[in-house]
Amino acid sequence: MPINGSSAVNKSVRPSLLGVASVVGLLALSAVGATGGLQKVLVISWVAFAAMGLGAWLGARAARTSPHSLVWGYGLASGAMVTSAAMFLVPQAMGLGTAAGTPRIGGIGIAVGIVAGYGTHTVGHRLTHVDTSFDTTTAAIAAHALSAGLIIGLVYGTMPTLGLLLGLAIVSHKGPAGYAAARRLNRNGKTATSLLLPAAGVGLTAIPSALLPVPQTPVVNALVFGFAAGIFLHVAMDFLPNCEAGSEIDEVCSLQEHSHDLLDELRTHAVGSTIGGAALVVLAWVVVMP
């Protein structure tokens with residue numbers, strides 16, 4: 001999405017009532033989750049809220065966007081997400097599939113998750129061409145957050161012994177996503193407080209879904225973990241820094257001199273940041289594992 005242009009804070013716009021209501025809903029559900037022993041889900045939900053909220057706050061006030069910061073934000077997040085899904089979800093899906101008779105059951109879940117993620121993303125892009133009163137960027141991010149929260153809740157509800165590292169890495173992209181969305185909203189004269197809905201979206205669905213009674217059978221669990229891995233792998237790949245012509249990063253570079261040389265330089269940063277995000281997850285796992 002384009003994120004350049006003037007970003008002077010528009011103080012005349014009214015706060016989003018839906019965004020404020022989302023925060024109230026998250027607070028209410030957090031009280032329910034605390035009594036239900038969902039401490040890990042609550043931490044992930046509020047980290048996602050804080051990350052997107054901080055990113056949106058910074059994006060709404062930024063005079064310009066640094067292409068290097070954008071690349072490193074997306075690269076670190078996508079690298080962490082790919083590695084987390086591969087380390088914590090794929091093995092669980094395959095192991096549960098093996099317990100159900102064949103690891104291919106977990107593989108089916110992964111394939112369905114990837115295809116479902118691609119399908120909803122591709123079809124959902126059509127919303128950007130529909131003239132509605134609700135900002136389509138906010139709607140798309142909110143739909144993504146709500147669906148991600150649903151899956152996070154199911155995963156942690158099914159396997160409560162999972163560590164926090166998986167969930168925190170999965171929501172690591174909320175910061176750069178909030179920053180980019182706020183820049184676009186502010187440029188169009190709209191309030192960034194509408195992003196409170198996608199910021200709270202993870203918790204709004206993760207907490208209720210974690211309380212659902214999921215059948216404790218290897219087949220169902222293998223499909224759940226496989227589907228979660230597929231969805232998150234798709235999201236991670238979608239967030240990989242794209243330094244090709246016509247991309248969001250190319251649009252940022254086009255405002256500067258020697259933009260072609262800068263884009264070539266950023267390709268190296270894109271690879272380095274992605275490797276860095278992956279390495280951080282592995283390092284954190286080595287440090288915290290028993």
Side-chain angles (χ1 to χ4, degrees), residues 40 44 47-48 51-52 55 68-97 103 106-122 140-141 144-145 147-152 154-156 159 162-180 202 206 222-244 247-249 266-289:
K40 292 178 182 178
I44 294 167
V47 167
M52 178 162 277
H68 290 85
S69 298
L70 194 65
V71 166
W72 276 90
Y74 282 140
L76 288 171
S78 58
M81 292 175 68
V82 168
T83 308
S84 297
M87 287 179 62
F88 304 117
L89 293 179
V90 172
Q92 289 282 2
M94 293 305 182
L96 290 166
I108 291 172
I110 295 172
V112 172
I114 292 175
V115 172
Y118 167 75
T120 54
H121 176 83
T122 302
I141 298 175
H144 171 267
S147 59
L150 176 66
I151 297 170
I152 288 173
L154 287 174
V155 167
Y156 276 89
M159 195 74 67
L162 280 174
L164 281 171
L165 183 57
L166 167 66
L168 296 179
I170 293 299
V171 301
S172 62
H173 67 286
K174 295 298 180 183
Y179 180 93
V202 170
L223 291 172
V224 168
F225 274 84
F227 183 79
I231 287 288
F232 292 136
L233 284 171
H234 162 74
V235 173
M237 298 299 290
D238 194 46
F239 269 87
L240 286 171
N242 183 2
C243 299
E244 302 305 319
S247 66
E248 175 185 359
I249 295 170
L266 288 173
R267 289 186 173 94
T268 304
H269 286 267
V271 175
S273 61
T274 305
I275 294 174
L280 286 173
V281 172
V282 175
L283 178 62
W285 173 71
V286 170
V287 171
V288 303
M289 75 174 182

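No hydrogens, no waters, no symmetry mates; every other heavy atom, side chains included, goes into these values.
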TODO: Give, for atom CG of L154 and atom CZ of F225, the distance between the pair rounded to the nearest 0.5 Å.
DONE: 10.0 Å
Task: Least distance between heavy atoms, A116 atom then F227 atom - done: CB-CE1, 3.9 Å
Task: Check: A80 main-chain N/O paired with T83 side-chain donor or acceptor under 3.5 Å - done: no
Open item on the list: What's the separation between atom CD1 in I152 and atom NZ in K40, rounded to the nearest 0.5 Å?
Closed with: 14.0 Å
Task: Heavy-atom donor-acceptor pair, Y179 side chain to G73 backbone, under 3.5 Å - done: no
Task: From I170 atom CD1 to L89 atom CG, the distance as rounded to the nearest 0.5 Å - done: 6.0 Å
TODO: Hey, could you give me the CD1/CG distance between I275 and L280, rounded to the nearest 0.5 Å?
DONE: 12.0 Å
- [ ] Mind listing the closest non-hydrogen atom pair of M52 and A177 along with its distance?
- [x] CE-CB, 4.1 Å
- [ ] State, yes or no, whether a side-chain contact exists between I114 and M237 at a heavy-atom distance under 4.5 Å.
- [x] no
- [ ] For residues G276 and L76, report the shortest heavy-atom separation together with the two atoms involved.
- [x] C-CD2, 3.9 Å
Open item on the list: Is the shortest side-chain heavy-atom distance between V202 and K174 below 4.5 Å?
Closed with: yes
TODO: Please name the pair of heavy atoms, one in A169 and one in V281, separated by the smallest distance, quoted to 0.1 Å.
DONE: CB-CG2, 4.3 Å
Task: Atom of S78, atom of A236 and distance for their closest heavy-atom approach - done: CB-O, 3.3 Å
TODO: Indicate the atoms forming the closest heavy-atom contact of I231 with G113, along with that distance.
DONE: CD1-O, 3.3 Å
Open item on the list: Which label fits W72 and H269: parallel for a plane angle under 30°, tilted from 30 to 60°, or perpendicular past 60°?
Closed with: perpendicular
